[in-house]
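Working notes, structure below.
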Amino acid sequence: MGFWSAVLLPLLICLLLFVGFFSHSEKLVSVPGIMLWLQFAGAILGVMGSLLLPMLIVFIAYSVNSIEHKADTWKSLFSLPIAKWSVYAAKYAYAFFLVLLCLMLFVLFTIGFGNLLSVLKPTLKFNEYHMESTLAQVYLKLFLSSLGILSIQFLLSLLFRDFLKPMGIGFTATIAGVILAGTDWKYAYLFPYSHPMLTVKSTLPHDIGKGSGIPELSVDLFTKDIFVSLGVAVVVFILGYFIVLKKSVK
Amino acid sequence: MVISTEGLSFNFGNQQVVKSLSLQVPKGSIYGFLGPNGAGKTTTIKLLLNLLKTDQGSIHIFDKELQSNRVAILSEIGSLIEQPAIYLHLSGKENLMNRALLLRVSEQRVDEMLALVHLKDAAHKKAGKYSLGMKQRLGIALALLSDPQLLILDEPTNGLDPNGIIEVRELLIRLVTQHNKTVFISSHLLAEVERMATHVGIIDKGELLFQGSIKDLEAISQPQVQVELENTVDAANFLKKHGFNVIDISDNSLSIPYTSKTQMGEINTLLNKNGYMVYSIHKIHKDLEKLFLDITQNA
């Protein structure tokens with residue numbers, strides 16, 4: 001379930017955008033290549049950073065853990081001759097992999113559909129500019145910025161059997177994060193749920209589509225919010241292990 | 001001793017659910033762990049599997065301390081706790097293959113297990129569509145998969161039909177007699193345990209009331225002859241005159257301690273010949289509650 005959501009989400013969103021660009025191609029003919037790419041990738045990044053990525057993580061963290069809750073298999077997993085640490089780390093690694101996979105697919109599909117547009121509609125200037133490496137860097141930063149949330153949501157989903165608690169906490173925190181980052185609050189970088197939004201904000205030039213000059217794209221990979229995100233990820237991950245160790249399997 | 005605990009205690013909050021338990025499970029035994037619902041059986045089993053942290057006392061399995069040899073010990077244990085833990089969206093075989101992957105067991109072994117628990121025909125059916133008995137059998141197959149030395153089964157015959165219960169019983173007896181395994185099995189049914197166990201431990205309210213071989217138990221759980229007839233009071237007086245010790249009288253039946261089949265026949269003939277019509281006469285075992293009473297009173 002988690003796996004397919006990680007695959008289908010990028011596919012669907014990129015496909016949708018592709019259809020949108022394809023059907024409105026006449027209006028976009030005059031747009032220079034770099035702006036075209038920025039609009040295309042930026043539309044996805046905007047949604048991803050604000051809401052979609054945190055919610056996707058909530059869902060992935062839930063689905064990885066709920067499969068054991070539902071089947072009541074925690075007790076049998078923990079009574080196998082396997083170190084508890086391995087069970088815990090393997091579960092986390094899979095959630096980690098799913099988020100990584102999803103974001104990699106976003107890069108792949110963005111570039112793929114962009115190039116497909118350029119083939120199908122040669123009038124569009126998609127071939128004038130290449131942003132593969134920039135895009136990859138943006139998504140790498142997005143990935144790093146989301147790890148704090150992943151650790152927190154993973155732990156919540158491990159501890160709570162139902163969907164509502166981790167979902168409710170994750171959703172509320174995400175909204176708060178978006179507001180904090182959106183209002184440029186000074187300490188937003190300390191709040192994990194603000195990190196994806198901060199990443200998107202720091203990467204995308206604010207004047208997309210206004211057509212005033214060629215925007216400069218630069219990705220500063222290691223900003224302080226990324227360090228906070230990584231720090232939270234590691235601390236919560238290790239903390240989670242000790243909670244699992246302490247927690248008796250009911 | 002395969003399992004040996006000393007002063008094992010466990011609390012849920014303020015409530016002490018396991019009290020200073022000292023279990024002794026010898027190698028090659030079928031140890032019936034008997035007790036009513038809520039007596040602490042499942043909790044004890046979870047302690048034995050290191051799923052719950054021991055508050056007090058020690059657990060040794062295969063003569064090794066559990067906490068510090070967890071992985072080595074668990075690699076020789078197969079377990080089934082409460083409802084079997086099965087992925088409902090996978091087929092029976094996929095469930096076993098999944099576990100086989102974790103335990104590094106061959107596919108051939110998986111097929112053997114499917115055949116053993118008679119799930120070969122349903123191997124590719126989704127486990128969610130299995131009946132309760134089939135799930136239970138799949139759970140037993142999962143427990144047996146790694147060919148463990150010790151099987152810990154929590155009420156494995158729950159939800160099985162009479163045929164299934166007999167099959168499980170015969171399987172367990174075969175494992176112990178032919179493959180020299182040890183089985184630790186919990187149940188709330190005395191009759192069920194009596195049929196296969198070589199050793200018995202009885203637990204109530206977290207306390208071990210009795211532990212010993214099945215012979216020791218039989219000495220306590222004196223079976224009785226129950227006779228169903230009318231005029232029970234007259235019949236009881238009559239039997240007493242003939243030297244039978246009537247221990248219980250109700251409106252429509254009376255009970256005498258069982259000694260032998262011949263004695264049962266004698267009672268029957270005696271009553272019938274003297275005008276007491278016997279509706280039924282049979283041997284009964286004390287139920288658990290009565291047994292508990294006896295044990296606690298004798299202690």
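Naming convention: chains lettered A, B, ... in sequence-line order (proteins, then strands); numbering from 1 in each chain.
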Check your understanding: Given the options Leu80(B), Ile86(B), Ile152(B), Leu49(B), which has more heavy-atom pairs under 4.5 Å with chain A than any of the others?
Key -> Ile86(B)

Check your understanding: Looking just at side-chain N and O atoms, do Gln211(B) and Tyr31(B) make a donor-acceptor pair shorter than 3.5 Å?
Key -> yes

**Study point:** chain B contacts, top residue of Ser79(A), Ala71(A), Pro81(A), Ala83(A) (heavy-atom pairs, under 4.5 Å)
**Key:** Pro81(A)

Check your understanding: Hey, is Asp111(B) close enough to Lys120(B) for a salt bridge, meaning N to O under 4.0 Å?
Key -> no

**Study point:** Partner chain A: residue of Ile81(B), Thr43(B), Leu142(B), Thr42(B) with the largest heavy-atom pair count (under 4.5 Å)
**Key:** Ile81(B)

Check your understanding: Would you call Lys126(B) and Glu94(B) a salt bridge, using N to O less than 4.0 angstrom?
Key -> no

Exercise for review: May I ask you to decide whether Asp154(B) forms a salt bridge with Lys46(B), counting only side-chain N to carboxylate O separations under 4.0 Å?
Suggested key: no

Check your understanding: In terms of heavy-atom proximity below 4.5 Å to chain B, should Ile67(A) be classed as side chain, backbone, both, or neither?
Key -> both

